[in-house]
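Shown next, in structure tokens, is the structure this report addresses.
These numbers were taken from a predicted model, which means no experiment stands behind them.
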Amino acid sequence: MNEPWLPRDGKILCAVSGGADSMCLLHMIYSRGLELLAAHFEHGIRGEESLRDAAFVEEWCREKGIECIVGHGDVPAYAAARGLGMEEAARKLRYRFLEETAAERSCKYIATAHNADDNVETVIFNLARGGGALGLKGIPRSRGMFIRPLLDLSRREIEDYLEENRVPHVEDGSNASDDYSRNLIRHHVSPELRKINPELHLAVGRTARLLEDDEDCLSSLADKFIEEHYDGESLPVKELREQHRAVASRVIRRLCRESLSYGHVRQALELLEGTELKYLDVPGQRLRREQGRLFFRDGETITLPDRELIPGQWLAIPELGLELLAEYGGKDGEVNGLFKTCRLKCENINSSLYCTGRKDGDRLRPAGRGCTKSLKSLFSEAGYTQARRSRTLVLRDAEGILAVPGLCLDERARPGPGDAVLTIKIREI
């Protein structure tokens, strides 16, 4: 029998159901004299049988002098409230209990009794659902503080160990039912596959380890791409499109808030084709292709109210952390290189001057271009994202736009030599 790896550098919380696998694990840890705490979670599913299992684990631990923590939950109610299957609900509550107990009792590791046959069932189950390498690599040997020392042992080896060491266990009555997917695989699928290869668990284990190596390699490439190109909101479409599909799909999965189906990832990859503004809704968020970038986080969009700009008085724009001052006089010219000042031809300012945000239908004649353009098209030419567009100031009068600081002046607002000017200064508050 393979010797299980057991850490010796900290307290181990052993998850114990009372079944053969977990009792084998508990006895192995106990017999090696390691620092140990047992934890049993009673799911509230099987009535008296469930309470029997909890009592069995407590009694065995008491006889051996092992401290045992028992938790209780109502899995059926939890599953109904959240629309989950019983297996998934039980797993969520059990793992929450184990993590909370480990934290409270200063345990460095949480040991679970997953074995080689469990790994076979996991791989087959994920294959049936259409899982990729991430699912087909099976149960990980460790994940955070969780460890699985029995992952190389078959059920037969575990049963032999229990018999040899006279370790008792209890049978879960639900294991005989085909109502659960894993039981169906255990009772009907695995036996048929073992007719082809009696050492199925070893073959699946080898395959899972090879896929794990492949997954680690591809994931590291995805992580490197994110590190080099992600700005906290978006990635460059061209560079992402040039990545191998296996890497690009992992990049997308990593940056999405929730797990994505194969179909969602395929649609996200298709979003990389094209240049126009386009959206894709996936679980938990909306992806956006805009200005040559794929956005995973929405930049904050705001609405700027109309504010009158009175010469000689500073005007605060708190939404942007800016303030503006209009003053008569100053040298003629266009928006300067730092976009902190613009000068308008006084003669052509019709009525009061207002500082606003963009408006539907905005159009102007950009100075020096000899044509009329929509503000929307000018934003697009300049590569402004939707968030930046919402945060761009527009200076206008009753006739229309006079200037868009940092972008352009309207032809009628461009002063010529000797023209009286109104200078607009912009500074951070």
Side-chain angles (χ1 to χ4, degrees), residues 1-43 53-54 56-73 75 87-119 122 134-135 137-155 157-158 161-162 165 167-170 205 208-209 212-213 215-216 219-220 223 254 259:
M1 183 179 74
N2 293 317
E3 183 69 15
W5 174 80
L6 289 167
R8 298 178 178 274
D9 59 342
K11 185 189 295 185
I12 303 172
L13 177 68
C14 182
V16 188
S17 67
D21 302 340
S22 64
M23 290 302 296
C24 173
L25 177 61
L26 179 62
H27 186 271
M28 285 181 171
I29 299 173
Y30 166 74
S31 63
R32 286 160 175 73
L34 303 178
E35 192 175 5
L36 169 66
L37 177 68
H40 175 88
F41 186 69
E42 191 271 305
H43 298 89
D53 293 352
F56 166 79
V57 172
E58 284 187 290
E59 179 59 28
W60 195 89
C61 288
R62 187 180 302 112
E63 291 176 358
K64 302 299 182 183
I66 302 171
E67 185 179 3
C68 180
I69 308 297
V70 176
H72 298 272
V75 170
E87 287 181 282
E88 178 68 9
R91 189 190 69 81
K92 285 181 177 292
L93 287 180
R94 181 171 63 254
Y95 273 74
R96 179 194 298 174
F97 162 70
L98 293 173
E99 289 170 343
E100 291 175 351
T101 302
E104 292 169 1
R105 307 306 294 269
S106 301
C107 296
K108 186 174 182 179
Y109 303 99
I110 301 174
T112 64
H114 295 91
N115 59 50
D117 290 85
D118 292 325
N119 200 31
T122 296
L134 187 61
K137 73 178 189 178
I139 302 171
R141 295 178 179 277
S142 63
R143 178 181 60 81
M145 65 191 307
F146 284 89
I147 59 173
R148 291 151 182 122
L150 305 186
L151 203 55
D152 288 331
L153 302 184
S154 68
R155 281 204 181 89
E157 289 175 305
I158 289 170
Y161 179 91
L162 294 179
N165 292 276
V167 179
H169 67 280
V170 293
R209 283 191 291 274
E212 185 174 13
D213 290 342
E215 178 62 32
D216 288 346
S219 294
S220 67
D223 290 339
R254 269 166 166 65
S259 60

Begin from the C-alpha positions of I110 and I147 and carry the test side chain to side chain contact (heavy atoms under 4.5 Å, CB included) through to its verdict. CA-CA 6 Å; I110 301 174; I147 59 173; over 6 Å; no

With salt bridge (Lys or Arg N to Asp or Glu O under 4.0 Å) as the test, would you mind laying out the steps for R105 and E67 before giving the verdict? CA-CA 11 Å; R105 307 306 294 269; E67 185 179 3; 2.5 Å; yes

So do [Y] and [X] actually touch side chain to side chain, heavy atoms under 4.5 Å?
X    : Y    : result
L13  : L98  : yes
V167 : C24  : no
E58  : V70  : yes
C61  : L26  : yes
N165 : H27  : yes
M28  : Y161 : yes
R254 : S219 : yes
M23  : V170 : no

So does L151 get a backbone contact from the side chain of N115, meaning a donor-acceptor N/O pair under 3.5 Å?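 No, because the side chain of N115 does not come within donor-acceptor range (under 3.5 Å) of the backbone of L151.
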
Does H169 reach the main-chain N or O of G18 with its side chain, forming a donor-acceptor pair under 3.5 Å? no

Before accepting this row, confirm whether a basic side-chain N of the pair [X]/[Y] lies closer than 4.0 Å to the acidic partner's carboxylate O.
X    : Y    : value
E59  : R62  : yes
D213 : K137 : no
E87  : R91  : no

Gap between atom [atom2] of [Y] and atom [atom1] of [X] - 0.5 Å precision:
X    : Y    : atom1 : atom2 : value
R94  : H40  : CZ    : NE2   : 10.5 Å
L150 : T112 : CG    : OG1   : 8.5 Å
H43  : H72  : NE2   : NE2   : 12.0 Å
D53  : S17  : CG    : OG    : 7.0 Å

Taking all heavy atoms of [X] and all of [Y], pick out the closest pair and write down the distance.
X    : Y    : value
A116 : D152 : CB-C, 4.2 Å
D118 : A113 : OD2-O, 3.9 Å
C68  : V57  : SG-CG1, 3.9 Å
M145 : A102 : CE-CB, 3.7 Å
D117 : S154 : OD1-CA, 3.2 Å

Considering only residues two or more places apart or on different chains, which pairs with a residue in residues 96-118 satisfy ring pair (Phe, Tyr, Trp, His ring centres under 6.0 Å)? F41-F97

Step by step, would you call E88 with V75 a side chain to side chain contact (heavy atoms under 4.5 Å, CB included)? CA-CA 9 Å; E88 178 68 9; V75 170; over 6 Å; no

Not counting sequence neighbours, which residues clear salt bridge (charged side-chain N to carboxylate O under 4.0 Å, His left out) with D216? List them please. none

The criterion is side-chain hydrogen bond (donor to acceptor under 3.5 Å, both in side chains); which residues satisfy it with K108, sequence neighbours excluded?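 For K108, the residues satisfying side-chain hydrogen bond (donor to acceptor under 3.5 Å, both in side chains) (neighbours in sequence not counted) are D9.
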
Any chance you could lay out the side chain to side chain contact (heavy atoms under 4.5 Å, CB included) test for L36 and K11, step after step, and finish with the verdict? CA-CA 6 Å; L36 169 66; K11 185 189 295 185; over 6 Å; no

Residue pairs involving residues 29-39 (criterion salt bridge (Lys or Arg N to Asp or Glu O under 4.0 Å); sequence neighbours excluded): E3-R32

Sequence neighbours excluded, every pair satisfying salt bridge (Lys or Arg N to Asp or Glu O under 4.0 Å) that has a member inside residues 15-29: none

Contacts of F146 that satisfy ring pair (Phe, Tyr, Trp, His ring centres under 6.0 Å) - sequence neighbours left out: Y95

Can R148 and I139 be said to form a side chain to side chain contact (heavy atoms under 4.5 Å, CB included), step by step? CA-CA 9 Å; R148 291 151 182 122; I139 302 171; 3.4 Å; yes

